Amino acid sequence: MTKKHSVNEKSKQEQLEQFKKDDRNQALTTNQGLKLSEDEFSLKAGERGPTLMEDFHFREKMTHFDHERIPERIVHARGFAAHGEFELYDSLSEYTKAKFLQNPSVKTPVFVRFSTVAGSKGSAETVRDARGFATKFYTEEGNYDLVGNNIPVFFIQDAIKFPDLIHAVKPEPHNEMPQAASAHDTFWDFVANNQESAHMVMWSMSDRAIPRSLRMMEGFGVHTFRLVNAEGKAHFVKFHWKPVLGTHSLVWDEAQTISGKDPDFHRRDLWESIENGDYPEYELGIQIIAEEDEFKFDFDILDPTKLWPEEDIPVKIVGKMTLNRNVDNVFAETEQVAFHPGHVVPGIDFSNDPLLQGRLFSYTDTQLIRLGGPNFHELPINRPVCPFHNNQRDGYGRQTINKGPVSYHRNSLAANTPVPVPESEGGYAHYQEKVEGRKVRSRSESFKDHFSQATLFWNSMSDPEKEHIISAFSFELGKVKSKSVQQQVVDMFANVSKVLAQTVAKAIGATPPPGEDAALTKSSPALSQEQTIKKPNTRKVAVIVANDFSSDLPQVLNRLKQQGIQPEIVSTTLQNVKGADGSELEVQHTFLTSDSVLFDAVYVVGSSSANKKFRKEALTFAQQAFEHFKPIGATDEGVKWLQAAGLDSSPGVVTGDSTRFTDDFIEAISAHRHWNRHVI
Ligand code: HDE
């Protein structure tokens, strides 16, 4: 189903055909099916008279409109989703009896919703935040939901603290500020007074919290789950999604500018990639720990503030998910989809992680208010693809018309149907873990180390990544008004790194904690994005061109396209630009409608006939790309412009007319960012 055409190129003819297929070319009717002769004027007593109560058409239309909104999600309100499919590489029967994980030839349909956590439904998408990564697998045994995030650990260890965490990070209630941001007093007060948050805070201050694209971020199930095979043997498991394009981020200044220039940046990127046939792909990975090894680690595997270092417990890649279809209607699908970590299939079970246990209550509870009653499983996006039967009846919005008088179990009047299915025939049976203990409200001693893995994360970062973390802390705490909270946070993070705490303290005018960092004991290279896959594919390049461009340009652009790079022409107006040899290029953006931050690289071509204003605009693009460490290319007149501005001969800046230019530029684009550039 490859589409491979640009979104803008969708022809009128195609659109008309689409309209014919759906219900748009039908007669306009009321919801009762009554054909309507007129839809512009309400019924009035005389042309200038009052509207009449008997205008049922007006009242139906207006009432429906008045009720169009449903409550947004309390967290993860801002989200975007796509359909796709999941394929397994090899059977996982050794670990699980889940049917969709047995046979590599089976393609399981999926629906994935990505989200930010803190912001409201209309908030900007490139804010500093964790991203939700929720996948619904429509399997033949029922829906399985893997409701994860792009960060592998969480702020808290027990679900009972979730309302406190979210109250702290959401806008402060007295003035409802700030929107979609953790840079305020209550969030950092929570952090300092709930130190189990240390590890996740390190991640959310890192580049992971400002992904370049939803197509370029990892996903994690976070909790420890259980896989159970046909013999009843269980293993502990953690789930990972690894993006085929690698894990990449924005830089903070760029992320903030994009929030204003294009608050829909991430959804636009996902939508356009799918429309263009550049389907986002993620490989599924599992980490396995045998039950008998549960206590072999220096952390508790039930603690959701801990990850399993990949170097110690390798991630086995077991399958691939491809997102290949955009939604038809965002409300019907993306907004009404109801995920729940408790939607499991035989062969997948829970662990006693106290955060997971609490989530198992919260998700159905929230749908009851959000989707207005207990029948949300009947909405098309939530319906399993396999049949479902039980004795549940009635409720708001019931769609199924159950027949017959019997709606209870056990019965004789309907031959005791529907019938429970034994485990051996596919009925779900919970893993029979032995549990014993006193009823207590307390936390296991094994959950009390909050800093070792936060330090592991810090130690695993490259120098630029460490600098970004320091700046993020300095930004966030710089926005905090309480001196006491600032100092508490600095003192807390001295437990992670003295260098980190001392540098941040200086930046925000707090007292630097004394001491030096201990010698590095352990790091986990897999945690650094420096280690990620780097490819030029789908990277967007702003090509700045004026009339009289050189005749080589179309060839350069073709070579970039062959590498999967997307050159887009930027000029003064949307009129085609003409080359010196008479060839023409279609312009996609003007200096007014676009901005350097919306591209991965800038290529300045210019031309000798370009005026001063053009040259200034081109250099603004290049300068900003330079400050964001992005690849810059220049040929023809562009080379002189960059030289005059002192932007040439830095890492990642490629200039020249030689045949090597394109190869070098592609290499620079593949590197994504050039951190060794001297930016003042
Ligand atoms: Fe959620 N979370 N969560 N969460 N969560 C919701 O459910 C909750 C947690 C995650 O695209 C809510 O339908 C509690 C961890 C995603 O529709 C709510 C706790 C992880 C989404 C809820 C957590 C997540 C949600 C709000 C602590 C990563 C969006 C609307 C125990 C593993 C799903 C909704 C979508 C949504 C509760 C912690 C991921 C209120 C109580 C940890 C991706 O039920």
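We count ligands from 1, going down the list as the structure has it; atoms in each ligand are counted the same way. Keep in mind that the numbers below use all heavy atoms, side chains included, and drop hydrogens, waters and symmetry copies. What you are looking at is a predicted structure, and each value in this text was computed from that prediction instead of being measured.
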Looking at ligand 1, does any of its N/O atoms fall within less than 3.5 Å of an N/O of [X]?
X: Arg73; result: yes
X: Gln367; result: yes
X: Arg113; result: yes
X: Ser362; result: yes
X: Tyr363; result: yes

Have a look at [options] and point out the one with the heavy atom closest to [atom].
atom: atom 26 (C) of ligand 1; options: Val75, Ile156, Val117; value: Val75
atom: atom 39 (C) of ligand 1; options: Arg370, Arg359, Lys136; value: Arg359
atom: atom 8 (C) of ligand 1; options: Phe162, Phe154, Phe111; value: Phe162
atom: atom 10 (C) of ligand 1; options: Gln336, His76, His340; value: His76

Glu281/Lys320 ion pair, N-O < 4.0 Å: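 Yes.
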Run the numbers for me: atoms of ligand 1, each under 4.0 Å from some heavy atom of [X], listed by number.
X: Gly132; answer: 43 (C)
X: Ala159; answer: 31 (C)
X: Val222; answer: 28 (C), 32 (C)

Give me the nearest non-hydrogen protein atom to [atom] as residue plus atom name, then the distance to 0.1 Å.
atom: atom 34 (C) of ligand 1; result: Thr366 CG2, 3.4 Å
atom: atom 40 (C) of ligand 1; result: Ile74 CG2, 3.5 Å
atom: atom 33 (C) of ligand 1; result: Phe339 CD1, 3.9 Å

Kindly assign one of parallel, tilted or perpendicular to the pair Phe133 and Tyr282, based on the angle between their ring planes and the thresholds 30° and 60°.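 Rings of Phe133 and Tyr282: perpendicular, over 60°.
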Mind checking whether Trp241 and Phe220 have ring centres under 6.0 Å apart?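 Ring-ring flag for Trp241/Phe220: false, centres at least 6.0 Å apart.
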Assert yes or no for the condition that the ring centre distance of Phe154 to Trp203 is strictly below 6.0 Å.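 No, ring centres 6.0 Å or more apart.
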Pick one of side chain, backbone, both or neither for how Val147 approaches ligand 1, counting any non-hydrogen atom pair under 4.0 Å.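 Val147 to ligand 1: contacts from backbone and side chain alike.
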At their closest point, which heavy atom of [X] faces which heavy atom of [Y], and how far apart are they?
X: Ile156; Y: Lys161; value: CD1-C, 3.6 Å
X: Tyr396; Y: Pro374; value: N-CD, 4.3 Å
X: Pro304; Y: Val222; value: O-CG1, 4.2 Å

Any non-hydrogen atom of Gly148 lying under 4.0 Å from ligand 1?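 Gly148 counts as a contact of ligand 1 under the 4.0 Å cut-off.
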Any Gly221 heavy atom less than 4.0 Å from ligand 1: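 Gly221: in contact with ligand 1 (<4.0 Å).
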Between Tyr144 and Lys136, is there a cation-pi geometry (under 6.0 Å to ring centre, at most 45° from the normal)?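 Not satisfied by the 6.0 Å and 45° rule.
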Begin with the C-alpha distance, continue with both residues' side-chain angles, and end with the deciding distance and a verdict on side-chain contact (heavy atoms from CB on, under 4.5 Å) for Asn495 and Phe493. CA-CA 5 Å; Asn495 291 306; Phe493 283 89; over 6 Å; no
Does atom CG (Leu360) have a neighbourhood of more than 12 heavy atoms from anything else shown, all under 6.0 Å?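 Yes, the 6.0 Å shell around CG holds more than 12 heavy atoms from other groups.
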Passing option when Ser446 is tested against Asp303, Asp298, Asp300 for side-chain hydrogen bond (donor to acceptor under 3.5 Å, both in side chains):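 Answer to the side-chain hydrogen bond (donor to acceptor under 3.5 Å, both in side chains) test with Ser446 among Asp303, Asp298, Asp300: Asp300.
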